[in-house]
Amino acid sequence: MPITLASAQKRYLRGLAHELKPVILVGGKGVTDGLLAETTSALAIHELIKVKVAAEDREARDLAIATLAQGVDAALVTRIGNVAVLYRPRDEMPLIALPR
């Protein structure tokens, strides 16, 4: 089930993500099974991560980000240029308490 976030929740998460460094780098091979596994692991640990996509054109970046978010069942918080922020809460003991 995809995660839906209200605008206030996205704004809050964007503020938290401002200081983060990208932990996932999507290279020339695009979104692979190994990349999906690493992203799942990073989301399980951090809940909120930045992803940097090394693609030449905008359509390829959009496709890679959408594929990655859908593949790990995460919400796309924001995307600026070649950097995207993904959020997926933990099942047990979430780190981030979202505003209502």
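All values below were derived from every heavy atom in this structure, side-chain atoms included, with hydrogens, water molecules and symmetry-related copies excluded.
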Residue list, side-chain contact (heavy atoms from CB on, under 4.5 Å) with R11, at least two apart or on another chain: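 In terms of side-chain contact (heavy atoms from CB on, under 4.5 Å), with neighbours along the sequence ignored, R11 is linked to A8, R14.
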Holding to side-chain contact (heavy atoms from CB on, under 4.5 Å), I want the full list of residues that pass it with A60, two or more places apart in sequence or in another chain.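 A60: side-chain contact (heavy atoms from CB on, under 4.5 Å) contacts with A55, D57.
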Do L5 and L13 touch side chain to side chain, with heavy atoms closer than 4.5 Å?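 L5 reaches L13 side chain to side chain.
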When clusters are formed from ILVMFWY side-chain contacts under 4.5 Å, directly or step by step, what else is grouped with L25?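 Its cluster mates, by chain and number: none.
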In the hydrophobic clustering that connects Ile, Leu, Val, Met, Phe, Trp and Tyr at side-chain heavy-atom distances below 4.5 Å, which members other than I49 occupy its cluster, ordered by chain and number?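 For the cluster that includes I49, the remaining residues are V23, I24, V26, V31, L35, L36, L43, V51, V53, I65, L68, V72, L76, L86.
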Which value, rounded to the nearest 0.5 Å, describes the distance between R88 atom CZ and T39 atom OG1?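 Reported to 0.5 Å precision, the distance equals 9.5 Å.
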Rounded distance [0.5 Å steps], CD in Q9 versus OH in Y87: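 Rounded to the nearest 0.5 Å, the CD-OH separation comes out at 8.0 Å.
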Compile the donor-acceptor pairs under 3.5 Å between side chains in residues 89-100 and protein atoms, sequence neighbours left out, one pair per line.
from : atom 1 : to  : atom 2 : distance (Å)
R90  : NE     : A44 : O      : 3.1
R90  : NH2    : I45 : O      : 2.8

Please collect all salt bridge (Lys or Arg N to Asp or Glu O under 4.0 Å) contacts where either partner lies in residues 29-49, sequence neighbours excluded, each pair once.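 Residue pairs passing salt bridge (Lys or Arg N to Asp or Glu O under 4.0 Å), neighbours aside: none found.
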Sequence-distant partners of D62, side-chain hydrogen bond (donor to acceptor under 3.5 Å, both in side chains), two or more places apart: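 Here the qualifying residues are R79.
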Ignoring hydrogens and angles, tell me if any N or O in the side chain of T67 forms a donor-acceptor pair with the backbone of L63 under 3.5 Å.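 Such a contact is found between T67 side chain and L63 backbone.
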When you measure from the side chain of K50 to the backbone of K21, do you find a donor-acceptor pair of N or O atoms at a distance under 3.5 Å?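 No, the answer is negative, given that no donor and acceptor are paired below the 3.5 Å cut-off.
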Shared ILVMFWY cluster between V83 and L48, side chains joined below 4.5 angstrom?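 In one cluster: no.
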